[in-house]
Structures are given as structure tokens and as C-alpha cells.
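So the structure is just underneath, and the comments pick up after that.
These numbers were taken from a predicted model, which means no experiment stands behind them. All chains are named by letter (A, B, ...) in the order of the sequence lines, taking the proteins before the strands, and each is independently numbered beginning at 1. The figures that follow rest on heavy atoms only: side chains count, while hydrogens, waters and symmetry mates do not.
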Amino acid sequence: MNNSKLSVKDLDFYYGDFKALHNVSMEVEKNKVTALIGPSGCGKSTFLKTLNRMNDLVEGSKVHGTILYDGEDIYGKYDIIQLRKKVGMVFQAPNPFAMSIYDNIAYGPRIHGIKNRKVLDQIVEKSLFQAAIWDEVKDRLNKPALGLSGGQQQRLCIARVLAVEPDVILMDEPTSALDPVSTSRIEDLIDELKKDYTIIIVTHNMQQAGRISDSTAFFLHGYLEEMGQTETIFFNPSSKKTEDYISGRFG
Amino acid sequence: MNNSKLSVKDLDFYYGDFKALHNVSMEVEKNKVTALIGPSGCGKSTFLKTLNRMNDLVEGSKVHGTILYDGEDIYGKYDIIQLRKKVGMVFQAPNPFAMSIYDNIAYGPRIHGIKNRKVLDQIVEKSLFQAAIWDEVKDRLNKPALGLSGGQQQRLCIARVLAVEPDVILMDEPTSALDPVSTSRIEDLIDELKKDYTIIIVTHNMQQAGRISDSTAFFLHGYLEEMGQTETIFFNPSSKKTEDYISGRFG
Amino acid sequence: MSILLNTQTPVTDISIEALVNSEQRKADTHYRKSKRANTLATITLWSAAALTLAILVYILGFIIYKGFRSDNILETDYINYGTIESPLPWQSDDTIMIVNSDVRLKEINGDNLESLLKGKPSNWGNINEQDLDVIPYVLDTAEGNFGKKTIIKNDVESIAAAVENQVGAFGIIPAADADKIDGYKLNVIPVWSLGIGVSPTVLEIKDNKKMRFIDGDMLKDILRGNISNWQEIGGIDLPITLVIPPAGSYEYNAYLELAGISEDELPDTGISTGNPAEYIEQINKLDGGIGIIQITAAEANDMKTLKYQYRKTGRNIQMWFLFEEPKRAGRVGGVSSIIINTIYMVLLTVLFSTPIGIGAAVYLTEYAKQGRLVKIIRLGTETLAGIPSIIFGLFGFIVFVDYMNLGIGLLSGTLTLTLMILPTIVRTSEEAIKAVPRSFRAGSLALGAGKWQTIYKVVIPAAAPGILTGVILAVGRAVGETAALLFTMGFDYRRVENLNTSARVLSTHLYQLVKEGISFDRAFATATILIVIVLAVNVLSTKLVVRKY
Amino acid sequence: MQTKSRIHFSNMMKELNEQILKMGIYVEEAMKKAVAALRDQNIELAEEVIKEDDRINEFELELFDKVSILLATEQPVATDLRHLTGAIRIISDLERAGDYAVHIAKGAKRLAGETYITPLQQIPEAADMARQMLKDALTAFVNSDEELAREVASRDDVLDKLHKKLIKKMLKYMNKDSEAEIEQAANLMFLARYLERLGDHITNVCEWVIYSKTGKHPEL
Amino acid sequence: MQTKSRIHFSNMMKELNEQILKMGIYVEEAMKKAVAALRDQNIELAEEVIKEDDRINEFELELFDKVSILLATEQPVATDLRHLTGAIRIISDLERAGDYAVHIAKGAKRLAGETYITPLQQIPEAADMARQMLKDALTAFVNSDEELAREVASRDDVLDKLHKKLIKKMLKYMNKDSEAEIEQAANLMFLARYLERLGDHITNVCEWVIYSKTGKHPEL
Amino acid sequence: MINTDKKKRVMEKAIKNRARKEKSVEIVLLICALVSVISVLFISVFIFGEGLPLFKAVSVGDFLFGTDWAPSNEENPRYGILPFIVGSIYITLGALLLAVPIGIMTAVFMAEIADKRAVEVMRSVVQLLAGIPSVIYGFFGVIVISKLIRETFGGTGYSVLSGAIILAIMVLPTIINITEVTITSLPKSIKEGSLALGGTRWQTIFKVQLPAAKSGIIAGVVLAMGRALGETMAVLMVAGNAPIMPTGPLSKVRTLTMNIVTDMGYASGDHRTALFTTSIVLFLFILILNLSVNIIKGNPEEIA
């Protein structure tokens, strides 16, 4: 597939002896929103974290299979720092650093060697603008980021990711800690961002997956049970298990 | 209304100087499930807690107005211990005590003076049975309750409430900490329990309110914005705010 | 993007490429730098942790090692070397010493043996720090200047039997009769009687240097003729003149054994002598002369002797140490009464502090309304926790000892300690109680339980492991505390009789032993006991894993 | 992970199905009565049909609301959702079928005084057939029985043939001179037409059954 | 608490509305062409209408799926939901309207060779009126314009009157002797009937508009 | 019916008893809670009561800034404690200088680098270091540190340096514990956030985590300072205990705490009072440090 940004082949993942992912293969299309759904412990978050190797942090974890990012194997020679720069991540709970709003956004560019203040200014403004929070914070860039509301913090975190110019953005239940209003805003933002980025989002909220994603992958017990167009998954899934899950029934 | 179990009239509630509830009036029907919905901080949980005076625990809280339980004013001479016995409560996160399953259920009857082992045995079995968890735990009544899964713990907590023979059961987002499977079970249980009990449930999950409740009350900024048959609220609410909230839109 | 757009204008293309290249290079450099910094930082952090670990291992290892194994450099007039059996200096025949098996004795030198036989001292304490009466037995054939208490028997077997049965008894028997004591439960003790005789010139002071002692290796080298000048072993510049004892004499055999050589290997430089008198004279007369000799003989002839330095290793702390009462400021005996005092102190302290501590914690977490009172109580607790123990000591001294007239003793001490560890218990209990989820309380209250019922039946049981951990940690602290006890509990090392009796505990005992320089071996042993308690406290407190809710 | 969950929803769905069946029975009854009225020239029966159509219409709206409320409160997806959207169309077809019964009843009223130009044969026959089809189609819906639905739909051809036959016959009568006969023939032609349309609606129901089962729109 | 949220959903709804309008235009075109074919006795035009009906039918299914998918993925409630369930019924009415255009086209084909017994006047008139009603009804739907919907529905009476007038006229012709004339009259009667039905469907659309606005089923 | 009546009566009785009990329990608990406060009050009152009268005989200036401590001089007793104040400060700062870098780095190691088992080992190491009684540290100092200093730098080995080293070891656990707790209690997501942006571990620790843990670490250092300042036994045994102004790292030194212990055994009259006055100075030092810990610690909670 030419449009494939990430291409996962026969991925197995182990936490110690526990096999958390079984033989997962998946193509993630460019400039699309792909939602990963499934019950708790199904491996969706684990899978997400294999994509920018955040799982390397877990002791005793092991990966088999290949993940190609733009055709290169990220578990091969691909440099992990470069990978994480290209494949950004937004977390469940907003996690701004205990610094000013400006420094939060500038943190990424700075650690990647950009020191010129003007360039940083530009990056900060652009990122905040893209994350649809510029208007709310432009007058208090030097205030602590922790003073923002939860929803604002999450958009700030998205802006922080945008500042290092990623290609793919992974989101791990980015709205589960937010109220409905903030959730709506983030969802709108995701809709906006997919013009420029490839987005993969884990969500336990089926409605959310339905609303914002183009493709949906359903994980169960570490297996990729079904993947397809979101419309198909929600309207006419081929697997009984998928249907049971999305319709809130089991067994 | 003859069918009214709880009758709230012109209730104001203050946390210190902050007025958390404004002039709320509501009739809660017997053997029905009433859902309280609304955005975070709208007062729905606060309202719930006024019904069994759990809000008394909060320093500086103040109540105006009347709440009649079976016609008696619970903020009048009504004994608080009796009230809480009659108006049981299930919490957001399952909170079994750090004791055995048996002792958890027997705790309530014991503090109310029942010491006879045979009677306790009966109560324990009946309550667990009612809470649809008897089959899962009957062989390990003496094991610690904290060893159960989240969903089981929550049903245990419901059983614990049933053991003191309440009349009304208040539930404060009882499934928000549970996975979809456990949530389904609790919802089924609620459907079952309403035959014998009057249930009031706070939920931030609108779908849940739709699924399980007979009446729905929508709170906003401490006001009871709208209350009515769940079907009406979800299908044809009279308030624009209600509609915006339930359809995920604001403003 | 712009690169793609500009492909039609090659000029711009090149400049952009150059720009991109330079940017790329800059990024690469930065990238390499940050990687290197990362490695360096990791190494530094590892080292810091390793250092911390090393400090602990060293401290514990050192003290525990010394606690179980005494390892001292000692100096004596006598050669303590190998298995040399010596004749008693005042007897011509070889003799051996047999000792009751309860007497802790591994070797003895001639002087000590002689004084024991004379009945001075009459207690083993001076010899081996053991509080036992000395009961000497000798054969009627033995010659010597014996004390009044020395019991004379007429056969070896009866001596052996008496020594076996009487605690503190020892006997002297001919070496030839060694086979007669087979089957008796008693110890045979080697007796040292040899010393190192030198000519007075060796001990002269020159250039601020003086020959002071000699150790086993030096002696061996000298006897083998490997060393020719005193300078080589720290003495003055003076050639060594080795005097060889008369062939066949006791000294001669000892010489060979000490040097580890056969007769043929005797060094050529050595000056041979024919009889004991000549031997003694040669040593005395020759410049830099040296020879091994019976101390009694040396004393009799006014011969100078060199100190012999040796390393004495052995078991230090042993079971008896725990179960014997200390005597003579701890110089003698064990620490049994001190351990008992320590236990009393801990029990009393826990008894006083635990209920108050838990009560305070419960009040703070469950009852107190957020307000000035809580702030004051919390501030009070924190301040109390920060006050140095010496100030507690002073306070205890004025208030409990002086003002309340409880005297320096157990009660004053434990009350002082109670105040000291109270904050620890309050704080850990508070944390344990706070860690019990609020939902437990809500759950209980919502069932119609009262507040105290809820606390008593739900909260405290759930917090019990945490509270217990706190108490154990507090015990650990109490056991180790010294400064607060200096002026409040006193130093009486006997077992306490009542609450007002001055009482020494392990920590103060250790302090006394070190401060007064009584015995470092005892100090190490006491420190080891303290450390074992600390280890036990730690293991216990971590074993009580605080429940995760 | 077995749990018999969403009991409430399952019950609601079952109730809905039962009510759709009930509506089907009403329509069928109306059909039966209308044809009987036609055959027996029974004006009262015909009027009864006309009057009862209101009930069917109301029933449709009631069921429509019920489906909507299920959509609002239970937020179903996949098969459940298709079942409900299919139901919206099915009740609309049923209502339409009811309308045709009314049309027939009205026709019956108009023709009540006249002597039939020819013994009524095909019309009651076709009506019986249509009624059976309707019954079966709803059974297929309730049981999500795709095969039955296809079979019922195939029967429509027979109905069409009957219709054509009747039209031909009527046109013959229309060539006659009697004004009354011509008018009657025209009337009967309309009635036959209604029955044919009814068949189409039943075919539609079958299509929706298959759709709600498979998610695909079949061409029957 | 102001936020212009659920942009995606709003866009999807807008798109759906546009497509329903588009479907309406198709139907209207078909209507226009069919009536033109009838008037001008243009067989080709008639056949075009018949052929193009497939597109309308497909369009209906497409829109139905679109609505279903919106229901599945966006899980709307209240007004949004009613708008969507209303849409299901409206597109079904539009499709039916398309069918009537086909019927008219078929009639046009049948009558193509004949000389009209009377100048066609009412039929194109009624058709124009119906087309305008259709347009307005859909505008009302897209704008949730209750008033317009009511107004459009009220126009149906005029349509009905026109129809009755035409029927009366035709029955007159039927009393004549010419076989051809009678058949033509019968045919034209049918055509008029279709237009009347069309009006009913447009009225239905109006009802659904009001329903999706108010949640209540109006009786228009 | 009879049964329910009985049940009801039983319950009513239970309710009545409960109410009475609740009140008395609360009072008892309040008394427990007040013990700490009362103790602190008593300690202050008695220390000040015993110590302040000295200023009748000696001026505050002479006491605080006098460099001569000669209480036994019968004709002209002098009570200058400046050498002890300076000594305390020297030893404390020396100890912090050694302990802070090692402590923080060890804590970072535990929080960020070490695997689970290494962390467990290090935790028990720190806990043990904290648990070892000061008298043992003192003993160890006498046997090992003093000897080391003596053999390396000459002199007696009892010196500021020995005291600082032994105190450094003693306050190490305080610094490690508080720093580690502060770092690990930072939300994991902060670290993940930085790593996910392509930050190296080093950058993450030093640019994100340590700054976020700043106030906790400072609180730990101040707390350690208090410990060091108040420590008695260990320094008493290794620091030489000479009442002179320390001149360098190898100089013998006496701290405030040592001064109290040393003379308390035999002092009387003004001399004894002077010792209490010394303890007032120590007490005030500690109070100031504790207060500042409270202020520093207060901040992160407000943010969180």
C-alpha cells in the first residue's frame, strides 16, 4: 500500500512471559485517524506504545515481528530518539511539565538543539495555533502550564508534540480524563489535525471511535480481531465478537 | 403524589459560601430508576449525597429546604443512622472493606446489633444472591474481599447495602471505574433491583442514563434544569441546554 | 515541501540543499553530544549509588566482622608462635596446663600462669574477662611458690577429674602424663614462656629511631639469617648478631621450629654457643645480639627483651556474651542485663507512645476540622520531630529527673524517649490511616455506622499493618538512641529493679565502652547486637507490606 | 467473558418485535375484512376497515416513536441498529398496506349496490395470498430469517401474474358498452392495482428483513 | 461553556441535507421531464425518466446507509436523531415520488401515439404545483422550517381539488363510446391519481419536517 | 411481629449508646493529639526557663560572640559559644557538601536508572543507613574515619573533617529518601512526555524531572541540615571536642550539641545555666530550619 505510513507485520509482544500481543498485522494509512478499541487489557495501549517504542521502558518486554515506519524497520537500526521525534505521543492524563506554557512547547525543539529564540518563538506560536489554544494562552505564555484547565492542558500537550514536527501522533485515551466539553474540543482538534498528520488513537469510548476515526481496529485478548473502515466496523462488522463488543454485549 | 418515595422541595445547598444547589425540587418515584446527569460540577453528586445526608461529613456545608422520605423530613428529627440504613449508598469506586467477603456483608447488620450467626448467614446469602454474585463467591466467603475483580467488588458493595435492608439505593457513578463487561452486569442488576428498591443513580455516561433509567434529571450549574421521563429527555427534551448536553454540544 | 516546489530553479535548489545540509550537520552534532552526555550521566549515577552501597556494606561489614571475630594486634614479652610446648620456666620437665572446659582460655603466658598458681589474681577476669574463681591444682611432685588456695593432689587422674568438674579449675601436670587425661572433658592450654633477648645496644635511640618490637615474620627472617641489619626492620643502623642456642636445648629446638628450618640450614652468620650461660652472655655482650630465651632466664640475667607483636584473632561475640551479666563496667562478662534493660525500655516506650500516637493520628485524620487547632497540632508534631535528641535529653533531665523527681532511671528515660518517638508514630499512623481510602469510611457511614464504629472496625484494622510498621520503626529508633538517655536513664549496667533504677541499655553501653576505652572487642560485639536489632527491625517493617487498596 | 448482558435492551427489542407483529395482524385483519366486504358487498364491514385504519396509522407512529426512543436511549449499532432502521421502513410499509386495505374497503363500499359483472375470484385469491405473504414476511423479520424473506418475496411474481390476468379481464369488460360495467371494471382494476401494490410493499418488507440481517440492500 | 463542538458531526449533517436536496432535485427533474414527455408526447424523454429512476432508487439506498452510519457512529439524540429518522422517511417518500414520475413517464409512452382527447391543462398545472411543493418541502426540511412545511402541506388541498376536477372530466370522456378515448381517459385518470399521490407524499415530507422539529407527529 | 419489635428495641439501644460513646472518644483522642503540642510548649518553657537567667550574668553579645569558653575559671568564668556555633556550621555545611551530590545522584539512580531489584536493594540500603544508631556511627568514626584522617593527613584524626564525613553518611538517607520520593511521586506521565518527544534519559531527568522535584529536594536538604545540626553522639566521638575556634578541616572542634553533653555531667550554677542557654541557641536554629522546611514543602502541594 502506497498510502501506508506505518506497516506492522506479525507483531508479537511480551511482558516477561506474558504474551500481550499475538501476531498483529496492520497498515496505518497516512492522514487518517485510526482508532484502536477493545476491552481493558486487550492490548490496544500496548500496541500503541510499540509504535514509538515507549514500551522499551517496561522491564522485560520483548518484541517480535516488524514495524515499518515509512518503510524502515523501527526495531532495527532506526534511532529511537529520531523515531520518537517523528512519532509523537499524547497521553491519557494531560502531562504538562512544571514550567511555563512557553517552555513546555519549546522543550522539544530545545532538546533537539534549537536555541535561537526567534525560531523558538515561531515554533511556539505555530504549535499553539495548530492545537487551537493560541487564543486562550497567548497573553500568558510565561505563566505555569499547570495553571491551565484539564482540557487546555491536553491541547497544550498536543501542541508540545506538534512543536517537534512529528509525522504521526499517537494518542492514548487522550480524553478519558476530561469532561465532555473539553472532549468535544479535542475531538474537533483531531478532526482538524488529520489534514497534516497521521493519527492513531486508543479509546475505550466506542462513540468516540465512531465519531472521529476513519479506520477502527478492534483488539481482543491481544489479537487484532478486526480492522476496517470505521463505518463498516460500526455498521456491519464481520466478526461476531466485534459486534458484541461495540453493541455492549458479550457472549 | 402517592408514588413518591423521596420528595425534595426548594433545596439549597452550600459548601461554605459556595451555593452548590439552587432551589431544587424533585419527586423520586418508588420502584423506579432515576438518573441524575449533567456536566462535572453541576451538583448532581452533591444532590445525591443530600438524600442520605452523607454531605453532613463536609465541613461548612449547609442545607435549606426540605427532603421528605416517606413523608418525614430527613433534615428534621429523623435519626441519621436510621436514614442511612434506609437510604443506602453505592460509591463510584468499589469500596469493600479490608475484610473477608462474609464480614463485608455482615458488617452492616452487625453494627446494627445483629449478632446471631445463623441470622447473619441468612442475610449474607440473601444479599449476595440479590446482588447476583452469590454463585461467584459462595465458595470463598472467607477470602478477602479485596481479592475480587472490580466488577465483583462493586456487586459486593451493592450486596453490602442490601444487607441492611434499605428502601432506596443511591448510586454515585457506580460503573465509572469498571470495564464495559462489568458495567453491563451492574446495569442488568440495577434493572433487576428496581423491582424491590427505589434507585437513584448519578452517571456521567449519558448512554447509561438512557439505558437504565425511568426518569432523568439534568443538572446544570447547581440548578435542576430539566427532569422527566428518560425517553422524553433523550428524545424530545424541552430545554435547549438539556438537548445540547445530551447531544454532546455546548453553546 | 519548499524543496519540492523549487525543483525547477536549480540555483535555489543548491542553496537550499546547502542550508539543509548545514542544519543537518548541526542537528547531528547536537545529537551526538546529547548521546554522550546521556552515557556520562548514567555512569555518574551508577557510581553514586555504588558509593552509597559501598559505605553501608563497609560499615556493617566492618562492625559485624569485628563483632564476631576479634582481630587485634597485640604486643607481649612472650613469643606466641605455632605449637611450641614449653616447659614451665621454674621446672625442668615439660609440663602442660589443663583447664576446666567452662573457662574461656586459649593460651597463657608464663607470667600469668605463675601468678595464677600464686593465687593472685583469684579471679579469671583479669586473664580472660570471665568472672570465675580460680582453683589451681598441682601434683605433689611439683616445685614452685604456690599460693594458699592451690590444691595439691598426688596423681594426675584426680587432678584431671577435679578440673573437669570444678568450674574455674585448672591444673599443671607433666607433659609425659598427657595420655592419662584422655577421656576427661577439659582443655589443654599451651603455655608461652619464650621471649626475645637482645643486647642493650639494639634498644639504643639513634636518629629518633628505636627498635620497639618484632613480629613473627621478622623473627623468622632473622632466625633464618635473611636480615643482617636492624635498620631493615625499623631499628637503628646496627648489624644483627644472631646467637644460636646450645644444641639440643629447649631453646635450640624452639629456634629450629620458629625458623622452620632443619639443623643443617642454620645460618652461617649465627654464633654458636655451648651452654646456657654462654648463650646468655653472648646475647648480652655482642653488638646487635639477639637470641630466643626463656623470659624467666632473661629476667634473672637482666637481659633486655624485645616486645613481640602478633595478631590475635578469635571469636568475639559468642552465645555466652548474650546470657552473662556484665561485671566491672562491662570489662568482664556479657550484656544480658543490658539487653533486658533495653527490652524493658522498648516495651515501656511502646506502651506509652503507641496509644497516644495512634490516638493523635486518629484525631488529626478523622476528627479534627481543618483550622487553627489542627495547624497547631501538626506544627507541634513536626517541631517535636525536628528537635535534636540532646534537647530531649536536657528536657527529660530537668522535668522528669529534677522537677518530677523521678530520678535518673528507667521511667525518666522511657518518658523522654516516648516524647521523642511520638512524632514518628503519629506521622506513620496518620499516613497509614490516610491511606485507607475515604471510600471505606463513606461505605461504613452510608450503612448507618457511627463514626467511632467506623474508625474502630474499619479504618484502624485496615491501617494496622502501616501503624505496626511505624511502631517498629520507632522501636528501632528508640533502641539506637543515646543522647537523650545520657542524663535521664543513667549507666547502671545491672538489671533494673524498678522504674526509678538507673539502667544502662545497649546504646549507652556502647558509648561507655568506647568513651572509656574499656574494650573495643566488647564495643564491636555490642555494636553488632545493635545492628542485628536494626536489621531485624528493617526486615520486620518491610515484611509488613502495607496493603495497597 | 460470557454475560447475558443488556437484558433491558433485549427485552425492549423483543417487545418491539411483538408489536410489529401485532401491527401486521391488524393490517392483515383489515385486509381480510376489506376483501370480505368486497366479496359480500358488506358496507358495514368496509366502514369498519376504514375506521380502524386510524388505529393502524396511530400504531405506526407509536412504533416509530418507540424505535426512535430505542435509538436515543440504547444507542444501538450494527445488527441492532439495522434492525431498528429496517423496522422504521417496515412499519411504514405496513401502514401503506393498511391504506390499501382502506382503498379496497372504499372500493367495496362503492361497488356495494352493484351486481358484479363477473364472480369475484382472483381478487379474494390474490388477497389471501398477499395476507399469507404479509404474515410470513413479518415472521421472517422477527426471526431475522433471510431465507424465508427471499421465499416470500419470490411469491410476489405469482401475485403480479394474477394482477395482470385480472387487468386483462377488466379491460375486456371495459370494451363493453354498459357505463356501469365500465365504471365497475375501472373500479375493480384499481382494486387489483392496490393488491399488486400491496405485494410490492410486502416485498419491500422482505428486502428490509434481509438488509437488517446482512447490512446489504438486496434487489428482490 | 461556549464551544462550537462536534464540527465533524455538523459537517456530516450538512452534507446529508445537501444530498437530500440533491435527491429532491433529481425527483423534481424526473417529474418535470415526465410531464414534459406527456405534454409533448416525447417517448425518448419518457424513457429517460424511466431509466433515471434507477439512479434515484440507488440514491435513496445510499442516503439510507448514510443516515444509518451517522446513527451508528455519531449516536445522536433528540433533534439530531429526529432529523435523521425523519430523513429516513423523507427519502423513502422522495423515492416513491420518483416512482410516480416513472408512472407518469410510462403513461406518456403509452399515450404517445394518440391525439389527446382534450388539451392537457390540469395535469401539467398540477405537476408544476407538485414540483414547487416538493422544492419547498425540502427547503423546509433543510432549514427545519415548521411554518413553511405547514404552508406546503396546505397546498395539497389545491392539488386534490385539481385532481378531483380532472377525474370528473375524465369520467365524462369515459362515458363516450370511443374505445380509444375511454382507454386514454382511464390512463389519464391514473396519471392524475399519481399526481394526487405525489402530493400526499410531499405532505408526508412536510409532516416529517415538523416531526423532526417538534418531536410530535402532526396531522396535516 | 414480636421479633421485629425486639430487633427494633435492640437497635434503638445501640444508637443511644453510640452517641454517648462518640463524644467521650473524641475528647480522649483530642488529648492524645495535644500531647505533642504540650510537649513542645513544655520543652520551650523549660529550656528557656533554665537558660535565659544566664543573661543576668553574661551579656547576649558576649555569649553569642565570645570566643572563649572557660566556665571553670573561678575568678573570671567566660561563656563565649561562638566557637561552637562556628563549629556546628562548619561540620554541618561540610557534611552537606559531601552528602548532597551523592544523595541526589543516588536518588536519581534509584528513581530512574535502577531496575526493580536494584531499587529494592538500594531502598533497604538507605533504610539501613537511616536505622543505624548514631552511637554506632560515632564508634565507626572513631575506629575507621579518624584513623583514615590521621594516617592520611596526620594529626589526631579527630577533626571537623571526620565529623563532616560521618555526618554526611548519617544525613545521606534523609536526602536520598526525600529526593527519591519526590522524583517517583512526580507523575510518570511527565517523564513519558519528555521521552516521547525524543528526549534522552539524561535530558528528561535533568531538564524535566529534577526541576519539577526542586522544592522537595530543597526541603530534603534543609531537613538534612537540621539533622546534622542536632546530631550529638557521632560528632561527640569523632570531632575532637576541643572548645576552640576551628581553624581548618583538620582542626579539632566542638559543636553546640557536644558542648551540652560534655559539661552537663558535672556543671553547676552559671555553668549549668550556660549549657541550657547553648541549647536555646540550638533550639532556635532547629526551629528556623523546620519552619523553612514547612514553607518549602507547602509549595508543591499548592501547585498539585
Where does [X] contact chain C at under 4.5 Å (heavy atoms): side chain, backbone, both or neither?
X: F/Val144; answer: side chain
X: F/Phe42; answer: both
X: F/Val25; answer: side chain
X: F/Thr232; answer: side chain
X: F/Ile43; answer: both
X: F/Leu229; answer: neither
X: F/Leu30; answer: both
X: F/Ile176; answer: side chain
X: F/Ile169; answer: side chain
X: F/Leu128; answer: both
X: F/Leu172; answer: side chain

Heavy-atom distance under 4.5 Å to chain F: side chain of [X], backbone, both or neither?
X: C/Leu373; answer: side chain
X: C/Pro423; answer: neither
X: C/Leu56; answer: both
X: C/Tyr511; answer: both
X: C/Tyr456; answer: neither
X: C/Leu422; answer: side chain
X: C/Phe520; answer: both
X: C/Ile63; answer: side chain
X: C/Ile455; answer: neither
X: C/Leu473; answer: side chain
X: C/Ile356; answer: both
X: C/Leu53; answer: both
X: C/Ile398; answer: side chain

- Output yes when F/Glu26 and C/Lys451 qualify as a salt bridge under the 4.0 Å nitrogen-oxygen rule, no when they do not.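 Salt bridge flag = no for C/Lys451 with F/Glu26.
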- Item | Salt-bridge present (F/Arg272, F/Glu50; N to O < 4.0 Å) | yes
Donor-acceptor check, side chain of [X] to backbone of [Y], threshold 3.5 angstrom: yes or no?
X: F/Ser88; Y: F/Leu256; value: yes
X: F/Thr277; Y: F/Gly51; value: yes
X: C/Thr342; Y: C/Leu506; value: yes
X: C/Glu481; Y: C/Ala483; value: yes
X: F/Gln127; Y: F/Ala130; value: no
X: F/Glu231; Y: F/Ala234; value: yes

Which of [options] touches chain F most, by non-hydrogen pairs under 4.5 Å:
options: C/Thr508, C/Val57, C/Leu535, C/Val537; value: C/Leu535
options: C/Leu513, C/Thr383, C/Leu379; value: C/Thr383
options: C/Ile533, C/Leu364, C/Val399; value: C/Val399
options: C/Gly359, C/Ser47, C/Ser389, C/Gly396; value: C/Gly359
options: C/Ile391, C/Leu530, C/Leu40; value: C/Ile391

Locate the shortest heavy-atom distance separating [X] from [Y]; write the atom from each residue and the value.
X: F/Thr204; Y: F/Ser194; result: OG1-OG, 2.9 Å
X: F/Val135; Y: C/Gly480; result: CG1-O, 4.2 Å
X: C/Thr416; Y: C/Phe392; result: CG2-O, 3.3 Å
X: C/Trp452; Y: F/Glu22; result: N-OE2, 2.8 Å

- Task: State yes or no: are the ring centers of C/Tyr403 and F/Phe46 separated by less than 6.0 Å?
- Result: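 Distance test on ring centres: under 6.0 Å, yes.
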- Message: Counting the benzene-type ring for Trp, do C/Tyr65 and C/Phe524 have ring centres under 6.0 Å apart?
- Response: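 Between C/Phe524 and C/Tyr65, which both carry aromatic rings, the centre distance is not below 6.0 Å.
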- Message: For the interface with chain C, which of F/Leu34, F/Val142, F/Ile143 has the highest count of heavy-atom pairs at distances below 4.5 Å?
- Response: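 The answer is F/Ile143.
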- Taking F/Val108, F/Val261, F/Thr257, F/Ile47 one by one, which has the highest count of heavy-atom pairs under 4.5 Å against chain C? F/Val261
- Query: Just wondering, more than 12 heavy atoms not from F/Phe48 lying within 6.0 Å of its CZ?
  - Reply: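 Enclosed.
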- Task: With the side chain counted from C-beta on, respond yes when F/Arg227 and F/Met170 share a heavy-atom pair under 4.5 Å apart, and no when they do not.
- Result: no
- Item | Residue from C/Thr381, C/Ile358, C/Ile425, C/Thr365 passing side-chain contact (heavy atoms from CB on, under 4.5 Å) with C/Glu430 | C/Thr365
